[in-house]
Amino acid sequence: MAQKPSIPKGTRDFNPQEVAKRNYIFNTIRSQFEIFGFQPIETPSFENSDTLMGKYGEEGDRLIFKILNSGDYLSKVKDELYQIKDSNKITSSISEKALRYDLTVPFARYVVQHQNEIDFPFKRYQIQPVWRADRPQKGRFREFFQCDADVVGSNSLWQEVEFVQLYDAVFTALGLHGVTIKINNRKILSGIAEVIGAQDKLIDFTVALDKLDKIGEAKVKEEMLSKGIPQSGIDTLQPLFSLSGDFGTQVSELKSILETSEEGKKGIEELEFINTGIETLGLETATLQLDVTLARGLNYYTGAIFEVAAPEGVTMGSIGGGGRYDDLTGIFGLKDMSGVGISFGLDRIALVLEDLGLFPVTITNTVKVLFINFGEAEAMASMKAVKALRTHGVSAELFPDKKKTIKQFNYANKRDIPFVVLLGESELASNTYTLKNMGSGEQQQVSLEQLISALQ
RNA sequence: GUGGUUGUAGCUCAGCUGGUUAGAGCGUCGGUUUGUGGUACCGAAAGUCGCCGGUUCGAACCCGGUCUUCCACCCCA
């Protein structure tokens with residue numbers, strides 16, 4: 001080994017066991033998506049830069065992986081641009097493509113580009129990797145999978161109700177019980193900002209509010225003051241900081257704060273609709289919780305905002321998120337197209353399931369039966385049986401070399417192969433097969449027909 | 001992007017204040033005679049001590065840079 005090979009930070013290799021576990025999650029999510037009526041699409045790994053740039057805010061732009069142009073890209077840079085050495089400005093002239101940052105913006109692009117072939121409302125799901133030039137941490141990678149389901153072309157709040165049901169269905173199917181689906185509404189946040197006279201400081205206000213459970217009431221107020229939110233406004237917020245109790249009590253508190261805000265009242269109405277729907281339909285294992293401090297993805301959400309927290313006791317960032325964006329496709333020129341969707345963070349879900357030991361034991365896929373190799377004639381006979389088994393849908397293989405049987409048995413063990421067949425001289429003579437169950441150690445002499453039926 | 005942290009055989013880690021051939025457990029491989037494992041015994045291989053440079057008579061150990069790990073911000077799945 002001349003040089004130790006490595007992979008870029010924030011990326012990972014997956015061994016067969018890990019792939020099996022990940023596929024288990026993929027399959028579970030996919031089947032729930034389809035049960036709920038979503039259809040799959042796929043989009044390219046990279047897009048034109050102008051499709052992505054500016055869609056995720058300044059912070060987002062920084063985290064987008066840019067792809068260097070091919071050829072002699074520097075020759076196309078204007079001299080004066082080159083002289084001032086401003087990376088941001090030069091980037092646009094040396095990079096015209098960028099890696100997909102999420103699945104929502106490419107989906108919006110897709111909808112606009114294919115609007116004439118799509119029947120609205122369009123329910124699509126998409127399970128693909130995305131890339132972010134972020135600094136890795138636990139549960140935070142530079143290449144990771146998102147599993148998105150979105151509906152575009154419907155304003156109905158039933159969609160929001162459905163998505164809460166979908167979250168519940170997926171996490172229930174994965175055996176991950178007790179997740180909290182937090183819900184909030186952009187209109188409520190805007191309403192509050194309006195009431196306290198900080199409409200123009202909505203982002204600052206929500207960013208500060210979002211930190212409530214992390215840094216505490218006093219520091220949040222401090223931050224709000226420093227951002228120029230008046231003390232009088234903060235005082236009107238007082239009930240907000242001690243908001244607790246069930247959905248109903250929280251909502252009535254909110255109502256009193258938002259009396260004077262039309263938008264705020266609209267937000268409350270929406271929340272109540274969704275909550276009533278969920279209360280009537282019920283949830284299997286998840287809990288729906290109103291969280292007015294929830295303020296993720298505010299760049300484009302306009303209505304409901306969702307975030308899923310892992311069950312208590314697990315330290316992990318959110319394992320899912322989503323919301324309503326009234327003007328999803330507007331940036332690409334298609335007006336009045338409301339979208340709402342949710343996302344599952346596959347990689348984080350995998351970490352949580354691993355932590356809690358919730359992966360089923362049977363998911364590692366291995367071959368069902370291994371034939372011991374005793375030599376040329378025996379191998380040929382074995383291959384015939386292997387072929388017969390395969391046509392009956394039984395995964396089977398012959399150990400390729402005539403090694404000591406102890407080695408061959410060890411190999412079967414390590415690969416967790418449940419059955420071994422010995423086909424040697426004596427079996428050949430009697431036209432039988434010795435089938436050994438590696439779990440129990442039992443073995444029996446059987447005919448080919450019995451072998452097939454025993455393994456099917 | 002800011003601040004911190006980590007990096008020694010395939011894996012988990014030892015390695016005293018810089019001093020001769022860098023260690024252990026697990027794993028791997030081979031053997032314990034010929035067709036039987038997962039649990040025995042014997043033996044072996046395997047490390048440019050992340051990488052580059054510096055200080056020193058001498059560096060795994062000190063200094064600088066760089067990459068990587070994890071963490072806190074930021075942001076997010």
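Just so we're on the same page: letters track the sequence lines, and every chain starts at 1. Side chains are part of it too, since the values below use all heavy atoms of this structure and drop only hydrogens, waters and symmetry mates.
Taking atom C1' in both B:U34 and B:A46, one finds a spacing of 31 Å when rounded to whole Å. To the nearest whole angstrom, the two C1' atoms, one in B:G54 and one in B:A9, are 28 Å apart. If you take atom C1' in B:A22 and the same atom in B:G4, they sit 30 Å apart, rounded to whole Å. Atom P of B:G37 sits at a distance of 16 Å from the matching atom of B:U28, rounded to the whole Å. Comparing the C1' positions of B:U2 and B:A77 gives an interatomic distance of 23 Å, to the nearest angstrom. Nucleotides B:U5 and B:C67 place their C1' atoms 15 Å apart, quoted to the nearest Å.
For A:M383, the CE atom sits in a loose shell: 12 or fewer heavy atoms of surrounding residues, nucleotides or ligands are nearer than 6.0 Å.
Using bins of under 30°, 30° to 60° and over 60° for the plane-to-plane angle, the ring pair A:F26/A:F145 lands in the perpendicular bin.
One finds no side-chain N or O of A:K138 lying less than 4.0 angstrom from the OP1 or OP2 phosphate oxygen of B:C70. Checking the phosphate oxygens (OP1, OP2) of B:U28, no side-chain nitrogen or oxygen of A:K407 falls inside 4.0 Å.
Checked by distance alone, A:R132 brings no side-chain donor or acceptor within 3.5 Å of a matching partner on the base of B:C75.
Considering only heavy atoms from C-beta on, A:Q146 stays 4.5 Å or farther from A:R100 through its side chain. Put simply, the side chain of A:D168 does not reach to within 4.5 Å of the side chain of A:I278, judged on heavy atoms.
With sequence neighbours left out, A:L358 forms a side-chain contact (heavy atoms from CB on, under 4.5 Å) with A:L176, A:L353, A:L356.
Remark on RNA chain B: of its neighbouring residues A:K211 and A:G10, the 5'-side contact belongs to A:G10, judged by nearest-heavy-atom nucleotide. Each of A:R142 and A:R348 lies near RNA chain B, and the nucleotide nearest A:R142 is the one positioned closer to the 5' end.
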With the sugar-phosphate defined as primed atoms, P, OP1 and OP2, and the base as all remaining atoms, what B/S/- string results for nucleotides 35-46 of chain B, 5' to 3', for protein heavy atoms under 4.0 Å? BBBB--------

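Under the Watson-Crick or G-U wobble criterion, with both distances below 3.5 Å, B:G64 is paired with B:C52.
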